[in-house]
Trainee: 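Starting off with a structure, shown below.
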Amino acid sequence: MIDIKLLRANPDEYRQAARAKNISCDLDALLDVDRRLLDAQRELQDIKTAQNKAGKEIAQLQGPAKQAAIAQMTELKKRAKELSDTVTELEPKFQELMLLVPQPADPEVPLGRDDTENVELRRVGEVRKFDFTPKDHIELGTALDIIDVDRGVKLAGSRNYVLKGAGALMHQAILRLALDQMVAKGYTLMTVPVLVNESVMEGTGYFPVGRDQAYLCERDAQALVGTAEVPVTAYHCGEILAEADLPRKYVALSTCFRREAGAAGKDTYGLYRIHYFDKVEQVILGPNDVSASKAFHQEILRNSEDMLNALGLPYRVVNVCTGDLGQGQVQKFDIETWMPSRGNYGETHSASRFYEFQARRLNIRYRAADGSLKFCHTLNNTVIASPRVLIPVLELYQNADGSVTVPPALRPYMGGMERITGRA
RNA sequence: GGAGAGGUGGCUGAGUGGCUGAAAGCGACGGUUUGCUAAACCGUUAUACGGGGUCAUGCCCGUAUCCCGGGUUCGAAUCCCGGCCUCUCCGCCA
């Protein structure tokens, strides 16, 4: 959520920002509702003032004089009712429109229409060259009996799967390695609800834009989260934190549920785009300071790179262009990991910086040293998401005989297993 | 799922129609006293929005807020209705 005062003062800046993000948004309608709402509120306030004043006087009066004064007030009350009806009608419209306004991107974000115009910042690691014909992760996983797509589909429809045996073990090993790395860096581990109130989805910016991506439990007005970012970021909603307690650094593992609406026919093969997966997510709540936020952004990016380096996976970092940014993000760095079967880098991580956007919606504030109240800044990034990351792991660590070498960092979490051979 | 009790400021806790944005206590902050600390004493101690004022901060005026939303009333923390949440007991259960 943006600050309406900033929009009033400089609507053109927000018009341009929406255009750059390729998000349509009727700012004129919003400004119109805002003006009418303010007018009604001002007039209503004046009437309240008169009512309050008269009320005190009536308390002192007696007899006919009191009756006459009360009769007058009854007239005033009719006008107050009209105005308050207007306010009641306009307020939800105002809220509804405010929830659609995009946060302007940072100046250092490259202008662009879509993900083809993202700017590569760096490449890390060597892309493996095979001296045999490599298999893709589904061929490997099926032959080794560690991935079972057919039965996943039988259970839950397309984009579902079952990991079994060493596949499921490796999945858990990756998640646990990620948690251990983050805890070692001082992040507080938490478990969080994955079925949350709709207000939490709205507060983090996933509703109303993007509502069609979520599984809804409408009977309970709740939704399944697509990422632990949602409950973790909202953990402190409605609270006032102490500045001394910032930043708050959290990490959580959760199952993530995504409908992938509108993605029909896209990435239909394999474990790339699926309806459920597990993800370790890092979230920072920081002070209202742009340079501090930028530093945290680099920190969470580095954390994820540490994870990929531990797994020995080649990747690149891209600066996501304006057209590929979400509504609330001021800047986003994606990490894309090399996936042999795609012959390309594929997105595995997404590090976002929001400034106040989420904190305003969630009402997360802190008491600054000077006594004033300020909105926090929020950031988040993937630490690891599996099974998507199993794609590069299995494909890059495969051997000519169809077995897969276990990355050394995972072996302690897999009972010392060095190789997946199919008899596992 | 059944039956009860309850939601007041940072916290505890008064308050059943106007004098209550809200007693009292605790905590916190500022000050006095004081070898230091402690104690004692004095003072301060909500937020949002609108308006005024200022170079700006301080500031001044108004409105709203005692879980949320409606209603009754000239006037609601207080009365009525609906919702949400918490707690206790019983039942069920991973």
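Chain A is the first sequence line, chain B the second, and so forth, proteins listed ahead of strands; every chain is numbered from 1.
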Trainee: Do the charged groups of A/D85 and A/K81 touch, with an N to O distance under 4.0 Å?
Mentor: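 Yes.
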Trainee: Under a 3.5 Å cut-off for both distances, is B/G58 Watson-Crick or wobble paired, and to whom?
Mentor: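 Result: none.
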Trainee: In this structure, how many angstroms lie between the C1' atom of B/C19 and the CG atom of A/N52, rounded?
Mentor: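 From A/N52 CG to B/C19 C1': 15 Å.
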Trainee: Just say parallel, tilted or perpendicular for the rings of A/Y215 and A/H275, cut-offs at 30° and 60°.
Mentor: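 Perpendicular.
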Trainee: Please name the nucleotide paired to B/A94 by Watson-Crick or G-U wobble geometry with both distances under 3.5 Å, or report none.
Mentor: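 Paired with no nucleotide.
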Trainee: Rounded to the Å, how far apart are A/Q72 CD and B/G75 P?
Mentor: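 One finds 14 Å between P of B/G75 and CD of A/Q72, rounded.
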Trainee: Would you verify whether the NZ or CZ of A/R388 falls within 45 degrees of the ring axis of A/Y272 while also being under 6.0 Å from that six-membered ring's centre?
Mentor: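 The answer is yes; both the distance and angle limits are met.
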Trainee: What I want to find out is whether A/E117 reaches A/R113 closely enough, with some N-O distance under 4.0 Å, to be called a salt bridge.
Mentor: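 No salt bridge links A/E117 with A/R113.
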Trainee: Could you go through residues 163-170 of chain A and list every donor-acceptor pair under 3.5 Å that involves a side-chain atom there, pairing it with any protein atom two or more places apart or in another chain?
Mentor:
residue: A/K164; atom: NZ; partner: A/D145; partner atom: OD1; Å: 3.3
residue: A/K164; atom: NZ; partner: A/D145; partner atom: OD2; Å: 3.3

Trainee: When you compare the protein's N or O atoms with those of nucleotides 70-74 of chain B, which come within less than 3.5 Å of each other, and at what distance?
Mentor:
residue: B/G71; atom: OP1; partner: A/K81; partner atom: NZ; Å: 3.0

Trainee: Could you please name the partner base of B/C85, counting Watson-Crick and G-U wobble pairs only when both distances are under 3.5 Å?
Mentor: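 Answer to the pairing question: B/G6, which forms a Watson-Crick or G-U pair with B/C85.
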Trainee: If only side-chain N and O atoms count, and only distance matters, is there a donor-acceptor pair under 3.5 Å linking A/H236 with A/Y250?
Mentor: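 There is such a pair between these side chains.
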Trainee: With a non-hydrogen cut-off below 4.0 angstrom, is A/K56 in contact with a base, only sugar-phosphate, or nothing?
Mentor: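 A/K56: no heavy atom of the nucleic acid under 4.0 Å.
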Trainee: Identify all pairs in which a protein N or O lies below 3.5 Å from an N or O of nucleotides 55-61 of chain B, and state each distance.
Mentor:
none

Trainee: Among side-chain atoms of A/N288 and A/Y355, is any donor-acceptor pair under 3.5 angstrom?
Mentor: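 Side chains of A/N288 and A/Y355: no pair found under 3.5 Å.
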Trainee: For B/A24, which nucleotide is its Watson-Crick or G-U wobble mate, given both distances must be under 3.5 Å?
Mentor: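 Its partner is B/U12 (Watson-Crick or G-U wobble, both distances under 3.5 Å).
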Trainee: For nucleotides 48-52 of chain B, give me every protein contact, N/O to N/O, under 3.5 Å, one pair per line with atom names.
Mentor:
residue: B/G50; atom: OP1; partner: A/R8; partner atom: NH1; Å: 3.1
residue: B/G50; atom: O3'; partner: A/R42; partner atom: NH1; Å: 2.9
residue: B/G51; atom: OP1; partner: A/R42; partner atom: NH1; Å: 2.6

Trainee: Quote, to the nearest angstrom, the P distance that separates B/A23 from B/U86.
Mentor: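 Taking atom P in both B/A23 and B/U86, they lie 30 Å apart.
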Trainee: Take atom C1' in B/U72 and the same atom in B/U16, then report the distance between them in whole Å.
Mentor: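 16 Å, rounded to whole Å.
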Trainee: When the P atoms of B/G1 and B/A77 are compared, how many Å lie between them, rounded to an integer?
Mentor: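 Taking atom P in both B/A77 and B/G1, they lie 34 Å apart.
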Trainee: In the strands shown, is B/C79 matched to any nucleotide by a Watson-Crick or G-U wobble pair with both distances under 3.5 Å, and which?
Mentor: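 B/C79 is paired, partner B/G71.
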Trainee: Measure all distances between protein nitrogen or oxygen atoms and nitrogen or oxygen atoms of nucleotides 77-87 of chain B, and list the pairs falling under 3.5 Å.
Mentor:
none

Trainee: Distance only, no hydrogens: is a donor on one side chain within 3.5 Å (strictly under) of an acceptor on the other, for A/S341 and A/E395?
Mentor: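 Distance-only check passes for A/S341 and A/E395.
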Trainee: What does B/U34 pair with, Watson-Crick or G-U, if both distances are under 3.5 Å?
Mentor: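 Checking every strand shown, B/U34 finds no partner, since no pair has both distances under 3.5 Å.
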Trainee: Work out how far the P atom of B/G18 is from that of B/C80, and round it to whole angstrom.
Mentor: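 Result for the P pair: 16 Å, nearest Å.
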Trainee: Could you please name the partner base of B/G43, counting Watson-Crick and G-U wobble pairs only when both distances are under 3.5 Å?
Mentor: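 Partner of B/G43: B/C29.
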Trainee: In whole Å, measure the gap between the C1' atoms of B/U45 and B/C89 for me.
Mentor: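 Those two atoms are separated by 42 Å.
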Trainee: Mind calculating the distance between NZ (A/K53) and P (B/U63) to the nearest angstrom?
Mentor: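 These atoms are roughly 11 Å apart.
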Trainee: Salt bridge (Lys or Arg N to Asp or Glu O under 4.0 Å) for A/R36 and A/D39? Distances and angles first, verdict last.
Mentor: CA-CA 5 Å; A/R36 281 156 54 206; A/D39 286 347; over 6 Å; no
Trainee: Per the side chain to side chain contact (heavy atoms under 4.5 Å, CB included) rule, which among A/V162, A/L140, A/L271 passes with A/I147?
Mentor: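 The residue from A/V162, A/L140, A/L271 that satisfies side chain to side chain contact (heavy atoms under 4.5 Å, CB included) with A/I147 turns out to be A/L271.
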Trainee: With rounding to whole Å, what would you report as the distance between B/U63 and B/C19 at their P atoms?
Mentor: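 Their P atoms lie roughly 13 Å apart.
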Trainee: Looking at every strand, decide which applies to A/D46 at a 4.0 Å heavy-atom threshold: base, sugar-phosphate, or nothing.
Mentor: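 The residue A/D46 makes no contact with any strand.
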Trainee: Between A/N381 and A/E281, does any side-chain donor sit less than 3.5 Å from a side-chain acceptor?
Mentor: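 There is no such pair between these side chains.
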Trainee: With rounding to whole Å, what would you report as the distance between B/G9 and B/A28 at their C1' atoms?
Mentor: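 14 Å, rounded to whole Å.
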Trainee: Is it true that the NZ or CZ of A/R353 lies under 6.0 Å from the centre of A/F296's six-membered ring and within 45 degrees of the ring axis?
Mentor: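 Checked: cation-pi criterion not met.
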Trainee: Under 3.5 Å, is there a donor-acceptor pair between the A/Y413 and A/R411 side chains?
Mentor: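 Result is no, nothing qualifies.
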Trainee: Counting Watson-Crick and G-U wobble pairs only, both distances under 3.5 Å, name the nucleotide matched with B/U63, or none.
Mentor: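 By the stated definition (distances under 3.5 Å), B/A48 pairs with B/U63.
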Trainee: Would you say CZ of A/R151 has more than 12 non-hydrogen atoms from neighbouring residues, nucleotides or ligands within 6.0 angstrom?
Mentor: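 At most 12 heavy atoms, drawn from other residues, nucleotides or ligands, come within 6.0 Å of this atom.
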Trainee: My understanding is that only residues two or more places apart in sequence, or in another chain, count here; which of them pass ring pair (Phe, Tyr, Trp, His ring centres under 6.0 Å) with A/Y276?
Mentor: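 A/Y161.
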Trainee: Could you tell me how far B/C41 sits from B/C85 if I compare only their C1' atoms? Round to whole Å.
Mentor: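 Roughly 43 Å separates the two C1' atoms.
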